[in-house]
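Structure first, then comments.
No hydrogens, no waters, no symmetry mates; every other heavy atom, side chains included, goes into these values.
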Amino acid sequence: METDSEPYVRLASLRQLHQAMADMNKARSLADTLQAVADGVVQALGYELACVNLVGPDGDLVVAAFAGNQAAEALITGRSGSRESWDRRLGMGEQWGDLIFIPHTEGWVLDDDDVPQWYTDGPAPRFEDEWHPSDRLFAPMYAPGPQGAGNSGELIGVLSVDRPRNGRRPGAWGREALQMYAFQAAIAISNARLRSNMQRALVRLERDQQALRASEESFRQAFEYAPSGMAIAEMGGDQHGRILRTNDALCRLLGRRASSMRRYAFSDLVHPEDIGTLLRTSAEGGRAELRLGRRDGTYVWVSLRNSVVADAADGPRFLLTHVEDIEERKRRELQLAHRASHDSLTGLPNSAELRSRLAARLCQRPQSSHAAVADAMDAAYGHPAVFDSGGHTFDFSAVAEPYGAFDHHVHAVAPEDGGRDDGTKGLAVLFCDLDGFKSINDRFGHNAGDAVLIEVARRLSGGVRDGDTVARLGGDEFVILANGLGKADAEDLAVRLRGEIIQPIRAEGRAVRVGASFGIGWAHCGMTADEVLKSADERMYVEKRSRPKQHRRAG
């Protein structure tokens, strides 16, 4: 363009400048924009060499594009110069508007700094405005500021040019053209950077959305196809606990359709006795073992585990509930507890369970029923109170007491001793010892003896009221706990039970008979369970000795 005489400028030169600006604004990427900027300097502004030095994230300037010399391009493209060295360049020399011109007479001090440079050879100037090979001309590029001024924003790069084709330093028109071009280049580079950042952001957003969709799909599949039950319920508000979604495993476990499950909260499905357990369970990370109702009216033991999930950073929160079927484990635990507290032959409560139930009715309890069950387990099976069964630990010292702890305890009282019935109702303890049982064992064997014990247990259980306890103390000794009886009631019960026992019993293909001696004791607060049993045992022996030997057994 400097080949044109000023102020005359050919229309072709203006068209070249316009085309260069259009090319750099329509480039599709930041790299293409930078190269278009460098090419435009050579093609439209009449310089043989052009270099685009771009400010990097660390503040240094890197050679991002080069035009006019392939050897120079290969040598310095991608190399960086420190910001300190560039600030030195932009602060010296002559100010041509926004341009910086450093003549060869001053520029020699820059030959050894770290800014990438390309040296061109040529003769010394022959006239005043002739371009010297060591002259330097820089056009700073600033991000557009609020006022639209070229240098009102942050420095984004520097255009360095060399060797005007006419061999002269640019005049007023050439300087203004380079300055305007640098201003437009800064806008194009800023826009290209913005587009590049937006494209990267869109790529990241799409990648994040894909990851989110994949995560949601993974959660959906994990939720829907989990082998154990899963549910999502509302958290907080009036609808707290209302079930929003269930998986197939939970629907199959409870025998209910997914659509019907949405009408319930877990509090609607839990067994009435387990409501307290559910309410005591913490909502966040809570665990509980309780019973849930099936559609057919039965209940299944489950383990509930809650987790809190959020729909968004500040969005609504929900409860994710994992429901595991533990019916089989509970059944085994109950079986083990039953074996620990019941006689294996007759199925009656054993000695430990008897003492537990008796002690539960008395104010003095030197040994808890829990410990009694644990001791029975140790004595009967040789196991400690805590052991592992099928991968689950079960603690017999924590077995629930049949009669509870009696928050509202009713004191046990006993009728007065003597022949007169004073009308007092109490807890009668009938100690039963079989007469003639040893001879059956000796004559017919232990199988016959076991059959007799089983039948006696059946007859005793059938002869008492619901709520009374019939226990096998050991050997051929049985104990009956019957609450709310007077003296006459207890004596009538003993007579009736004796009459049941003395009836013939089929054992090993033959009919045998045993008798029974009963001692009636009375439990009252202040006694221990052992003291009560000892009292009834002593009365039984008194009764046994008081009858002639031939009358102790019916046959």
Requested in this report: Inspect the contact between Arg357 and Glu353 and indicate whether a charged nitrogen and a carboxylate oxygen are less than 4.0 angstrom apart.
Outcome: yes

Requested in this report: Just jot down the side chain to side chain donor-acceptor pair (under 3.5 Å) partners of Lys438, sequence neighbours excluded, or say none.
Outcome: Asp442

**Report entry** Non-neighbouring partners of Asn191 that pass side chain to side chain contact (heavy atoms under 4.5 Å, CB included), sequence neighbours left out
**Finding:** Ile187, Arg195

Query raised in the report: Is there a side-chain contact between Leu254 and Tyr264, using heavy atoms and a 4.5 Å cut-off?
Result: no

Query raised in the report: Do Leu354 and Leu533 touch side chain to side chain, with heavy atoms closer than 4.5 Å?
Result: yes

Report task. Kindly indicate whether the side chain of Arg472, heavy atoms from C-beta on, has any atom under 4.5 Å from the side chain of Glu477. Result -> no

Requested in this report: Look only at the side chain of Arg305 and the backbone of Arg287, and say whether a donor-acceptor pair between them is shorter than 3.5 Å.
Outcome: no

Report task. Would you list the pairs meeting side chain to side chain donor-acceptor pair (under 3.5 Å) in which at least one residue belongs to residues 453-464, sequence neighbours left out? Result -> Glu455-Arg458, Glu455-Arg459

**Report entry** Salt-bridge contact Glu324-Arg329 (side-chain N to carboxylate O under 4.0 Å)
**Finding:** no

Report summary line: Taking every heavy atom of Ile275 against every heavy atom of Ser267, the minimum-distance pair comes out as CD1-O, 3.6 Å

Query raised in the report: Are any side-chain N or O atoms of Arg339 and backbone N or O atoms of His342, one a donor and one an acceptor, separated by less than 3.5 Å?
Result: no

Query raised in the report: Okay, side chain of Arg252, backbone of Gly255: is any donor-acceptor separation there less than 3.5 Å?
Result: no

Requested in this report: Kindly say whether Gly499 contributes a backbone atom to a donor-acceptor pair with the side chain of Gln503 at under 3.5 angstrom?
Outcome: yes

Which pairs of donor and acceptor atoms, one on a side chain in residues 297-304, lie under 3.5 Å apart (sequence neighbours left out)?
| residue | atom | partner | partner atom | Å |
| --- | --- | --- | --- | --- |
| Thr298 | OG1 | Arg294 | NH1 | 3.4 |
| Thr298 | OG1 | Asp296 | OD1 | 2.6 |

Query raised in the report: Can you tell me if Ser218 uses its side chain to pair, donor with acceptor, with the backbone of Ala214 under 3.5 Å?
Result: yes

Report summary line: Sorted by chain and number, sequence neighbours left out, salt bridge (Lys or Arg N to Asp or Glu O under 4.0 Å) with Arg193 holds for none

Requested in this report: Starting at OG of Ser535, measure out to NE2 of His524 and round the result to the nearest 0.5 Å.
Outcome: 8.0 Å

Query - Close side-chain approach of Glu543 to Ile520, heavy-atom, < 4.5 Å - result: no

**Report entry** Distance in Å, Thr469 OG1 paired with Leu481 CG, rounded so as to fall on 0.5 Å steps
**Finding:** 5.0 Å

Report summary line: d(Leu250 CG, Asp325 CG) to nearest 0.5 Å is 10.5 Å

Report summary line: Taken to the nearest 0.5 Å, the spacing of Asp476 CG from Cys432 SG works out to 8.5 Å

Query - Residues in side chain to side chain donor-acceptor pair (under 3.5 Å) contact with Arg291, at least two apart in sequence or another chain - result: Glu273, Asp274

Query raised in the report: Can you find a pair of side-chain heavy atoms, one from Leu290 and one from Leu292, that are under 4.5 Å apart?
Result: yes

Requested in this report: Quick one: do Leu269 and Arg256 satisfy side chain to side chain contact (heavy atoms under 4.5 Å, CB included)? Show the steps, please.
Outcome: CA-CA 11 Å; Leu269 301 174; Arg256 301 176 184 269; 3.8 Å; yes

Report summary line: For Leu205, the side chain to side chain contact (heavy atoms under 4.5 Å, CB included) test, sequence neighbours excluded, returns Gln209

Query raised in the report: Would you say the side chains of Asp435 and Ser517 form a donor-acceptor pair under 3.5 Å?
Result: yes

Query raised in the report: What's the shortest heavy-atom distance between Leu430 and Ala490, and which atoms?
Result: CD2-O, 4.1 Å

Report task. Can you tell me which residue pairs pass the salt bridge (Lys or Arg N to Asp or Glu O under 4.0 Å) test with a partner in residues 197-210, sequence neighbours excluded? Result -> Glu206-Arg213

**Report entry** Contacts of type side chain to side chain contact (heavy atoms under 4.5 Å, CB included), residue Asn441, not counting sequence neighbours
**Finding:** Phe437, His446

Query - Main-chain N/O of Ala448 paired to Arg510 side chain as donor or acceptor, under 3.5 Å - result: no

**Report entry** Residue Arg295 excluded, over 12 heavy atoms near CZ under 6.0 Å
**Finding:** no

Requested in this report: Would you sort out whether Ile243 and Thr321 count as a side chain to side chain contact (heavy atoms under 4.5 Å, CB included), showing the intermediate values?
Outcome: CA-CA 10 Å; Ile243 297 172; Thr321 303; over 6 Å; no

Report task. Taking the side chain as every heavy atom from C-beta outward, state whether Thr277 and Val270 have any pair of such atoms under 4.5 Å apart. Result -> no

Query raised in the report: Which heavy atom of Ala516 sits nearest a heavy atom of Ile501, and at what distance?
Result: CB-CD1, 3.8 Å

Query - Basic-acidic side-chain contact under 4.0 Å: Arg220, Glu217 - result: yes

Report task. Any chance you could measure Leu460, atom CG, to Leu497, atom CG, to the nearest 0.5 Å? Result -> 5.5 Å

Query - Closest heavy-atom pair and its distance - Ala192, Thr33 - result: CB-OG1, 3.5 Å

Query raised in the report: Which atom pair, heavy atoms only, marks the closest approach of Leu434 to Lys544?
Result: O-NZ, 4.3 Å

Query - Atom pair OG1 (Thr346) and CD1 (Ile454), whose distance is rounded to the nearest 0.5 Å - result: 8.0 Å

Requested in this report: List the steps, then state whether side chain to side chain contact (heavy atoms under 4.5 Å, CB included) holds for Arg498 with Phe518.
Outcome: CA-CA 8 Å; Arg498 182 184 294 114; Phe518 282 86; 3.9 Å; yes

Report task. Give a yes or no answer on whether the side chain of Asp268 reaches the backbone of Ala265 with a donor-acceptor pair at less than 3.5 Å. Result -> yes

Query raised in the report: Is Val429 close to Ile480 at the side-chain level, that is, under 4.5 Å between some pair of heavy atoms?
Result: no

Query raised in the report: What pair of heavy atoms forms the shortest contact from Gly463 to Leu493, and how long is it?
Result: O-CD1, 3.8 Å

Query raised in the report: Quick one: side chain to side chain contact (heavy atoms under 4.5 Å, CB included) partners of Ser351, sequence neighbours excluded?
Result: Arg355, Leu473

**Report entry** CZ/Arg28: more than 12 non-hydrogen atoms of other groups inside 6.0 Å
**Finding:** no

Query raised in the report: Side-chain contact, heavy-atom cut-off 4.5 Å: Asn483 with Arg361?
Result: yes

Report summary line: Sequence neighbours excluded, the answer for ring-ring contact (aromatic ring centres under 6.0 Å, His included) partners of Phe266 is none

**Report entry** Partner set under side chain to side chain donor-acceptor pair (under 3.5 Å) for Arg245, not counting sequence neighbours
**Finding:** Glu224

Query raised in the report: Step by step, would you call Glu491 with Val495 a side chain to side chain contact (heavy atoms under 4.5 Å, CB included)?
Result: CA-CA 6 Å; Glu491 292 170 355; Val495 171; 5.6 Å; no

